[in-house]
Amino acid sequence: MKFRRPKGTKDVLPKDIAKWHYVERIIRETTELFGFAEIRTPTFENTELFKRGVGTDTDIVGKEMYTFEDKGGDSLTLRPEGTAPVMRAYVENGMQSESPIHKLYYLTSMFRHEKPQAGRYREHTQFGAEIVGSDHYYCDVELILLAKEVYNRCGIQDFRLKLNSIGKAEERRNYVEILKSYLNSNIEHLSEESKRRLETNTLRVLDSKDMNDRKVTDLAPKILDHLGSESRTRFDNVVNELSRLGVKHEVDFRIVRGLDYYTDTTFEFLSDDLGSQDALGGGGRYDGLIEQLGGKPTPGVGFGSGVERLIIVAEKNGFAFGEQKAPLVYFIALSDEARKICYGIMRDLRKLDVSCETDLLGRSFKAQMREANKLNCRYVYIIGDDELQKKKGQLKSMATGDQVETEFGKIKENIE
RNA sequence: GUGAGCGUAGUUCAGUUGGUUAGAACAUCAGAUUGUGGCUCUGAGGGUCGGGGGUUCGAAUCCCCUCGCUCACCCCA
């Protein structure tokens, strides 16, 4: 019997891990530079949280959740998205009474039962940031700036930023009625999927890729023309501020997002280096969510961004990730007695933060030299019978080939 | 859930109209005069040809079923 990893999951092997560490570091450093603090929530939550927060008509909740019953009969779900859990934690821990505003970020796995394809996994890593407690338009801008800065620092320059506003709940309800009647009058041109969606999640008809759907929606009434003055002003402020700060963007009425909690600003970052799944990240404002989860009415805005996709795009752009660090000194012992001496020297060096390792297979001298070379060690330290006698080993630089007799206790002084 | 393409050593791939013990490169390991890496040379290990069934004297090759992978639809990060 052969075991395979579950469909849609991945193994990150040692040869690729340096890449992940590097990107994770950029994400954390950049996000903290903007004054965000990390928050960690459980890998699974009560299923009801996502039904309530994300919405039962969404694809995520409707057909993509990993839901199971535990031994106590509770229905639990592996986190399919980051915002609802963070807001649950915000409310549950009374964070609003610590401070009127919180800037939070996360970097963790998300789980969705989808059919895997390029850039789409069943377990994927997302970093996201949320600003809770303020409805100031600059919050929206700040988050966009943060995402942009992370992308830039990963060598990604040529992504597209698309923006839209879907207004406040009531404005959207009114608009949806207008859109519905327009779509109904053109229903014979719509795809089957869009016909179904027309009733369940009308806005989503707008982001259909179907050519015929697009012909219909191109001429559909636009939500931006149906916003109240407050929403309209906020949207104009966001757009103008982005322009003023030199952030390229385009307004696109199709950016409606698939989660129910969004209000007002919505945005997506798209890349051409990603095949069919072209979203690098996306987000928006969710002013009703916290109330929905039982908290006091509190505004919030956030985004999520796929780390696998970020790495894919960075790689395509030839980004130089760091390399795995090689041990500095490789110890070669030519006898059992010499080996014991090595173990002691290595213990002492490691206390001094000098990285070192030695052969664990009892291999030949030549094989050990080869190993040191393959690992890219800067030095080898050789102890044979002569060296045991003199209590001085041979410290050899792999780059120059130079070799100097060095006392057992004086290796650190003779390297670097 | 729907559709298309692809499954041969660890990896990337060859494999002639079905015909002997299924190959190469890279990788791995070992050796090339006594205790010195990279380059080179020599050699070794490693495959139930995704799995099952069928046709045939004979199947990696033909047929059927099945599983897996990949990409697209869908959806999103």
Side-chain angles (χ1 to χ4, degrees), chain A residues 1-10 13 15 54 58-64 79-83 106-128 147 151 159 191-194 196-197 201 204 207-211 213 255-259 268-271 274-283 302-313 330 332-335 338 361 363-388 393-403:
Chain A
M1 150 138 19
K2 209 171 171 185
F3 289 103
R4 324 181 111 271
R5 60 180 177 265
K7 192 195 285 267
T9 61
K10 65 186 177 304
L13 302 178
K15 66 184 171 63
V54 180
T58 61
D59 287 289
I60 289 181
V61 174
K63 50 188 195 192
E64 296 173 0
R79 167 180 56 217
E81 66 95 46
T83 301
Y106 57 84
L107 172 57
T108 190
S109 290
M110 302 296 164
F111 307 85
R112 295 180 197 173
H113 189 97
E114 296 186 274
K115 202 146 175 189
Q117 78 189 57
R120 190 167 76 185
Y121 307 88
R122 289 187 171 180
E123 177 180 11
H124 76 278
T125 311
Q126 231 180 82
F127 85 91
Y151 299 150
F159 53 83
S191 64
E192 289 308 308
E193 186 61 36
S194 288
R196 205 170 317 127
R197 197 156 275 152
N201 203 335
R204 293 285 313 291
D207 72 10
S208 168
K209 285 183 193 167
D210 185 274
M211 282 308 290
D213 287 351
I255 305 297
V256 295
R257 309 291 297 161
L259 289 69
E268 279 179 22
F269 292 94
L270 272 18
S271 169
L274 277 171
S276 161
Q277 306 303 312
D278 60 355
L280 206 43
F303 74 86
S305 186
V307 179
E308 287 81 2
R309 291 185 187 177
L310 177 61
I311 290 177
I312 290 169
V313 178
Y330 193 89
I332 297 179
L334 303 178
S335 67
L361 289 169
R363 295 204 280 193
S364 70
F365 187 13
K366 188 189 276 276
Q368 293 187 59
M369 281 301 294
R370 272 204 263 261
E371 185 68 11
N373 184 63
K374 196 166 83 183
L375 292 172
N376 230 328
C377 295
R378 301 247 308 277
Y379 297 92
V380 290
Y381 189 73
I382 304 159
I383 304 180
D385 292 342
D386 294 350
E387 288 78 11
L388 275 179
Q394 301 291 339
L395 183 64
K396 172 170 179 161
S397 158
M398 294 299 277
T400 65
D402 295 342
Q403 192 165 304

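All chains are named by letter (A, B, ...) in the order of the sequence lines, taking the proteins before the strands, and each is independently numbered beginning at 1.
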Derivation and outcome, salt bridge (charged side-chain N to carboxylate O under 4.0 Å, His left out), residues A/Lys10 and A/Glu308
CA-CA 10 Å; A/Lys10 65 186 177 304; A/Glu308 287 81 2; 2.7 Å; yes
Stepwise, does the side chain to side chain donor-acceptor pair (under 3.5 Å) test hold for A/Arg79 with A/Thr108?
CA-CA 10 Å; A/Arg79 167 180 56 217; A/Thr108 190; 3.0 Å; yes
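Here B/rC76 presents its C1' atom at 8 Å from CZ of A/Arg257, a figure rounded to the nearest Å. One interatomic measurement links the two molecules: CG of A/Leu107 to P of B/rA77, which rounds to 16 Å at whole-angstrom precision. Summarising the geometry, the separation between CZ on A/Phe3 and P on B/rG51 is reported as 18 Å, rounded to the nearest angstrom. For the pair A/Asp210 CG and B/rA72 P, the interatomic distance rounds to 18 Å; values are reported in whole Å. Atom CD of A/Gln277 and atom P of B/rC74 are 9 Å apart (whole Å). Rounded to whole Å, the distance from CZ on A/Arg79 to P on B/rC76 is 20 Å. Spacing between atom CZ of A/Arg112 and atom P of B/rC74 amounts to 17 Å, rounded to whole angstrom units. The distance from atom NZ of A/Lys7 to atom P of B/rC69 is 5 Å, rounded to the nearest whole Å.
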Between side-chain atoms of residues 375-384 of chain A and protein atoms elsewhere (two or more places apart, or another chain), which donor-acceptor pairs fall under 3.5 Å?
unit_1: A/Tyr379; atom_1: OH; unit_2: A/Glu416; atom_2: N; d: 3.1
unit_1: A/Tyr381; atom_1: OH; unit_2: A/Gly393; atom_2: N; d: 3.0
unit_1: A/Tyr381; atom_1: OH; unit_2: A/Thr406; atom_2: O; d: 2.7

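Listed by chain and number, the residues in a side-chain hydrogen bond (donor to acceptor under 3.5 Å, both in side chains) with A/Asp213 are A/Ser191, A/Ser194, A/Ser208 (sequence neighbours excluded). With sequence neighbours excluded, no residue forms a side-chain hydrogen bond (donor to acceptor under 3.5 Å, both in side chains) with A/Tyr330.
Using a 4.0 Å heavy-atom cutoff across all strands shown, A/Lys209 reaches at least one base atom of the nucleic acid. Residue A/Arg363 is in sugar-phosphate contact alone, with no base atom involved, counting any heavy-atom pair closer than 4.0 Å across all strands shown. Among the heavy atoms of the strands, none lies under 4.0 Å from A/Asn376. No contact: A/Ala372 has no heavy atom under 4.0 Å from any strand. Residue-level contact check: A/Phe269 touches neither bases nor backbone, having no heavy atom under 4.0 Å from any strand. Heavy atoms of A/Gly128 sit nowhere under 4.0 angstrom from any nucleic acid atom. Counting any heavy atom pair closer than 4.0 Å across all strands shown, A/Ser364 reaches sugar-phosphate atoms only and no base atom.
No hydrogens or angles were tested; on distance alone, nothing pairs the side chain of A/Arg204 with the base of B/rC74 as donor and acceptor under 3.5 Å.
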Which nucleotides of RNA chain B pair, in dot-bracket form (Watson-Crick or G-U under 3.5 Å, | meaning another strand)
(((((((..((((.....[...)))).(((((.......))))).....(((((..]....))))))))))))....
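Remark: A/Glu81 does not engage A/Arg112 in a salt bridge, criterion side-chain N to carboxylate O under 4.0 Å.
Between B/rC71 and A/Gln117, no contact under 4.0 Å exists linking OP1 or OP2 to a side-chain N or O.
No side-chain donor from either of A/Tyr151 and A/Ser271 sits under 3.5 Å from a side-chain acceptor of the other.
A residue-by-residue look at A/Glu81 and A/Arg5 shows that A/Arg5 has its nearest nucleotide of RNA chain B further toward the 5' end.
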Close N/O contacts between protein and nucleotides 2-7 of chain B (under 3.5 Å):
unit_1: B/rU2; atom_1: O4; unit_2: A/Lys115; atom_2: NZ; d: 2.8

Between protein and nucleotides 32-37 of chain B, what N or O pairs are separated by less than 3.5 Å?
unit_1: B/rG35; atom_1: O6; unit_2: A/Asp386; atom_2: N; d: 3.3
unit_1: B/rG35; atom_1: O6; unit_2: A/Asp386; atom_2: OD2; d: 3.3
unit_1: B/rG35; atom_1: O6; unit_2: A/Glu387; atom_2: OE1; d: 3.2
unit_1: B/rG35; atom_1: N1; unit_2: A/Glu387; atom_2: OE1; d: 2.9
unit_1: B/rG35; atom_1: N1; unit_2: A/Glu387; atom_2: OE2; d: 3.0
unit_1: B/rG35; atom_1: N2; unit_2: A/Glu387; atom_2: OE2; d: 3.2
unit_1: B/rU36; atom_1: O2; unit_2: A/Lys396; atom_2: NZ; d: 2.9
unit_1: B/rU36; atom_1: N3; unit_2: A/Gln403; atom_2: OE1; d: 2.9
unit_1: B/rU36; atom_1: N3; unit_2: A/Gln403; atom_2: NE2; d: 3.3
unit_1: B/rU36; atom_1: O4; unit_2: A/Gln403; atom_2: NE2; d: 2.7
unit_1: B/rG37; atom_1: OP1; unit_2: A/Lys366; atom_2: NZ; d: 3.4
unit_1: B/rG37; atom_1: O2'; unit_2: A/Asn373; atom_2: ND2; d: 3.3
unit_1: B/rG37; atom_1: O6; unit_2: A/Met398; atom_2: O; d: 3.4
unit_1: B/rG37; atom_1: N1; unit_2: A/Met398; atom_2: O; d: 2.3
unit_1: B/rG37; atom_1: N2; unit_2: A/Asn373; atom_2: OD1; d: 3.1
unit_1: B/rG37; atom_1: N2; unit_2: A/Met398; atom_2: O; d: 2.9
unit_1: B/rG37; atom_1: N3; unit_2: A/Asn373; atom_2: OD1; d: 3.2

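Nucleotides B/rU48 and B/rA44 place their C1' atoms 22 Å apart, quoted to the nearest Å.
Closest contact between the side chain of A/Ala367 and the listed nucleotides B/rA77, B/rC71, B/rA30 involves B/rA30.
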